[in-house]
Amino acid sequence: MDDRRILQAIFKKLLNAYGPRKWWPARTRFEVIVGAILTQNVSWRNAKLAVNSLKKARLLSPSAILVASHEEIAPLIKSSRFYNQKTEKLKAFCAYFMHNYNGSLDKMFSGDMESLRRELLGLKGVGKETADSILLYAGRKLSFVSDAYTKRFLKRYGLNYGSTSYEGIRSFFMKNLPKDLYLYNEYHALIVHHGNAVCRAKPDCNGCPISHLSRKIFCSHYYGSK
DNA sequence: GTCCAGGGCCTAC
DNA sequence: GTAGGCCATGGA
């Protein structure tokens, strides 16, 4: 089987086993962006607590975040860890967003995807994973999200012998998957779910829905090799 | 008590 | 280009 077929077969098995993950769990596109920043290196549970605190304080809008002081925002997002840095990241994004797009998500996402990606990457606090999450889950753009889970996933199942850098992994998926938003959306979410909830809970691979598809049967605990 | 989550920045080499 | 320190919560 070539890479395309393997990726499709794995997706079908994951989707069948776990069902649609329905990402991103947010009510609005702006909430997706805030969540993407707040979930950096912290569990989604803790990030969500912070999002809800902002919402409760009526600070879940670009203009409100821009006007509010650091001292107002930071305590509200304490649960998301690194709250001082994340306060500045949120304010930096909102300043950029209001200044360049007048607070219009439609306007921001209307142009060329790769140039918007470069723009987002130029912002303080927006790295590759966050930029791609924003593009895919808030902008519905065909930008595949890679991360540490994806890297371990490919290693474990013996895929992608090429570059294992972030960009290498991203383009591996984008080259070998049909250009389908639903597929991009669910694939990343399923990899995270599989690595997080299942492989970590059952390190012996008992019940793993895709180990039989692996080129390199490697069922020891893949979290041992970050 | 330890470990680690849906990272990114900065600096040193 | 990459390795390491930093940021500094909350649940298991």
Side-chain angles (χ1 to χ4, degrees), chain A residues 14-15 18-27 29-54 70-71 73-96 117-139 141 143-156 162-171 173 183-203 221-226:
Chain A
L14 290 174
L15 186 62
Y18 308 131
R21 306 317 303 161
K22 297 178 177 152
W23 276 25
W24 189 286
R27 205 175 52 79
R29 288 185 293 171
F30 183 70
E31 193 176 316
V32 173
I33 296 172
V34 170
I37 291 171
L38 293 183
T39 198
Q40 289 171 2
N41 205 43
V42 74
S43 64
W44 173 246
R45 180 194 173 82
N46 276 18
K48 196 181 175 188
L49 288 173
V51 174
N52 288 340
S53 298
L54 288 174
H70 182 106
E71 289 69 25
I73 297 173
L76 294 171
I77 62 169
K78 215 168 177 184
S79 65
S80 73
R81 208 178 172 203
F82 314 130
Y83 48 87
N84 285 320
Q85 290 191 349
K86 287 180 179 175
T87 296
E88 292 311 310
K89 291 178 183 183
L90 289 177
K91 288 178 86 64
F93 174 81
C94 291
Y96 152 83
R117 186 173 191 260
R118 280 190 294 274
E119 244 178 64
L120 293 173
L121 289 174
L123 294 174
K124 194 182 178 81
V126 178
K128 287 169 181 168
E129 185 181 343
T130 305
D132 290 327
S133 294
I134 290 172
L135 289 169
L136 179 60
Y137 292 107
K141 297 286 183 183
S143 191
F144 196 87
V145 182
S146 175
D147 65 351
Y149 286 105
T150 315
K151 193 169 185 174
R152 290 195 291 266
F153 186 86
L154 294 181
K155 185 178 178 188
R156 182 181 201 191
S163 169
T164 55
S165 67
Y166 184 96
E167 297 294 346
I169 290 172
R170 176 174 181 258
S171 48
F173 277 93
L183 191 60
Y184 276 44
N185 182 319
E186 287 294 345
Y187 215 136
H188 171 66
L190 284 165
I191 286 174
V192 171
H193 178 74
H194 176 70
N196 203 357
V198 181
C199 276
R200 200 148 58 90
K202 300 176 180 175
H221 199 304
Y222 83 131
Y223 275 73
S225 52
K226 265 187 177 177

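Bear in mind that the values here come from a model prediction, so they are computed numbers and not experimental data. Each chain gets a letter, A, B and so on, in the order the sequences are listed, and its residues count up from 1.
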Item to check | Pairs involving residues 117-139 of chain A, ordered by first then second residue, that meet salt bridge (Lys or Arg N to Asp or Glu O under 4.0 Å) (sequence neighbours left out) | outcome: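 For residues 117-139 of chain A, and leaving out neighbouring residues, the salt bridge (Lys or Arg N to Asp or Glu O under 4.0 Å) pairs sorted by first residue read A:Arg117-A:Asp132, A:Arg117-A:Glu167, A:Lys128-A:Glu167, A:Asp132-A:Arg170.
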Rounding to a whole Å, what distance do you find between [X]:[atom1] and [N]:[atom2]?
{"X": "A:Arg45", "N": "B:dC4", "atom1": "CZ", "atom2": "C1'", "result": "15 Å"}
{"X": "A:Lys128", "N": "C:dG1", "atom1": "NZ", "atom2": "C1'", "result": "10 Å"}
{"X": "A:Arg152", "N": "B:dG7", "atom1": "CZ", "atom2": "C1'", "result": "13 Å"}
{"X": "A:Asp147", "N": "B:dC4", "atom1": "CG", "atom2": "P", "result": "17 Å"}
{"X": "A:Ile134", "N": "B:dG7", "atom1": "CD1", "atom2": "P", "result": "14 Å"}
{"X": "A:Leu120", "N": "B:dG8", "atom1": "CG", "atom2": "P", "result": "12 Å"}
{"X": "A:Lys151", "N": "C:dT2", "atom1": "NZ", "atom2": "C1'", "result": "10 Å"}
{"X": "A:His194", "N": "B:dG6", "atom1": "NE2", "atom2": "C1'", "result": "16 Å"}

Next on the checklist: Using the P atom as the point on both nucleotides, what is the distance between C:dG5 and B:dC3, in whole Å?
Outcome noted: 15 Å
Checklist entry - What integer number of Å spans the C1' atoms of B:dG6 and C:dG4? => result 23 Å
Item to check | Sub-4.0 Å heavy-atom contacts from residues 30-39 of chain A onto DNA chain B, ordered by number | outcome: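 Correct list: A:Thr39.
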Considering only nitrogen or oxygen atoms on both sides, find all protein atoms under 3.5 Å from nucleotides 5-9 of chain C and state each distance.
{"from": "C:dC7", "atom 1": "O2", "to": "A:Gln85", "atom 2": "OE1", "distance (Å)": "3.2"}
{"from": "C:dA8", "atom 1": "OP1", "to": "A:Asn84", "atom 2": "N", "distance (Å)": "3.4"}
{"from": "C:dA8", "atom 1": "OP1", "to": "A:Asn84", "atom 2": "ND2", "distance (Å)": "3.2"}
{"from": "C:dT9", "atom 1": "O4'", "to": "A:Lys78", "atom 2": "O", "distance (Å)": "3.4"}
{"from": "C:dT9", "atom 1": "O2", "to": "A:Asn46", "atom 2": "ND2", "distance (Å)": "3.1"}
{"from": "C:dT9", "atom 1": "N3", "to": "A:Arg81", "atom 2": "NE", "distance (Å)": "3.4"}
{"from": "C:dT9", "atom 1": "O4", "to": "A:Arg81", "atom 2": "NE", "distance (Å)": "3.2"}
{"from": "C:dT9", "atom 1": "O4", "to": "A:Arg81", "atom 2": "NH2", "distance (Å)": "3.2"}

Restricting to side-chain hydrogen bond (donor to acceptor under 3.5 Å, both in side chains), what partner residues turn up for [X], sequence neighbours left out?
{"X": "A:Ser163", "result": "A:Ser165"}
{"X": "A:Glu71", "result": "none"}
{"X": "A:Ser80", "result": "none"}
{"X": "A:Asn84", "result": "A:His70"}

Next on the checklist: Going by salt bridge (charged side-chain N to carboxylate O under 4.0 Å, His left out), name the residues that satisfy it together with A:Glu31, two or more places apart in sequence or in a different chain.
Outcome noted: A:Lys55
Checklist entry - salt bridge (charged side-chain N to carboxylate O under 4.0 Å, His left out) with A:Lys78: which residues, sequence neighbours excluded? => result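 Counting only residues at least two positions away or on another chain, A:Lys78 forms no salt bridge (charged side-chain N to carboxylate O under 4.0 Å, His left out).
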Checklist entry - For the residue pair A:Trp23 and A:His188, does the interplanar ring angle fall in the parallel (under 30°), tilted (30 to 60°) or perpendicular (over 60°) class? => result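 Because their plane-to-plane angle is over 60°, the rings of A:Trp23 and A:His188 count as perpendicular.
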Next on the checklist: Quick check on DNA chain C: between A:Ser43 and A:Ser165, whose nearest nucleotide comes earlier from the 5' end?
Outcome noted: A:Ser165
Next on the checklist: Can you list everything that forms a ring-ring contact (aromatic ring centres under 6.0 Å, His included) with A:Phe173? Sequence neighbours excluded, please.
Outcome noted: A:Phe144, A:Tyr187
Enumerate all atom pairs, one protein N or O and one N or O from nucleotides 9-11 of chain B, separated by less than 3.5 Å.
{"from": "B:dC9", "atom 1": "OP1", "to": "A:Gly125", "atom 2": "N", "distance (Å)": "3.1"}
{"from": "B:dC10", "atom 1": "OP1", "to": "A:Lys124", "atom 2": "NZ", "distance (Å)": "3.2"}

Item to check | Sequence neighbours excluded - side-chain hydrogen bond (donor to acceptor under 3.5 Å, both in side chains) pairs with any residue from residues 32-47 of chain A | outcome: A:Gln40-A:Lys89, A:Gln40-A:Thr130
Next on the checklist: For the residue pair A:Arg156 and A:Phe153, would you count it as a cation-pi contact if the rule is NZ or CZ under 6.0 angstrom from the ring centre and within 45 degrees of the ring axis?
Outcome noted: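 No, a cation-pi geometry is absent between A:Arg156 and A:Phe153.
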